[in-house]
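Input: a single structure, listed below in structure tokens.
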Amino acid sequence: LPTTHPVPFESLFPLAYRPDGPDLCLAMLRYIPEKRVTTLQGMQHAFFDPLREPWAQVSACRPLPNLFEATREEQMACPAELLHVLFPTERERTMHL
């Protein structure tokens with residue numbers, strides 16, 4: 001195979017680039033499955049932090065739907081150390097205002 005050189009993410013996705021995006025992409029695309037992040041680990045990544053902010057909106061006129069409700073089964077499947085990150089309580093979400 002020919003040698004290829006890396007291309008910076010920001011040149012591929014200039015309108016959607018965020019500094020923590022490449023880190024998440026690389027974690028999800030690891031060749032060895034055991035070294036890839038799980039779905040829950042990916043969801044707690046800093047890339048998604050803006051969605052956890054109380055003022056997050058889909059657009060200027062539409063707030064985000066509630067992303068932080070989980071069924072009992074989903075909560076039971078989630079490791080305890082991730083629960084507060086993935087499913088913050090309303091109190092935790094508004095403390096950052």
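Start at 1 with the first residue, then count along the sequence.
- Residues that satisfy the side-chain contact (heavy atoms from CB on, under 4.5 Å) test with L12, not counting sequence neighbours, are V7.
- Using a 4.5 Å heavy-atom cutoff, the side chains of L24 and F48 are in contact.
- Atom CE of M28 is separated from atom CG of D23 by 10.0 Å, given to the nearest 0.5 angstrom.
- At distances below 3.5 Å, not a single donor-acceptor pair connects side-chain atoms of R36 with backbone N or O atoms of A27.
- Rounding to the nearest 0.5 Å gives a distance of 12.0 Å between CZ of R30 and SG of C25.
- Evaluation of the side-chain contact (heavy atoms from CB on, under 4.5 Å) rule for T71 yields E73, E74 as partners, not counting sequence neighbours.
- Scanning both residues, L40 and P79, for their nearest heavy atoms gives CD1-CD, 3.7 Å.
- R18 meets the salt bridge (Lys or Arg N to Asp or Glu O under 4.0 Å) test with D20; sequence neighbours excluded.
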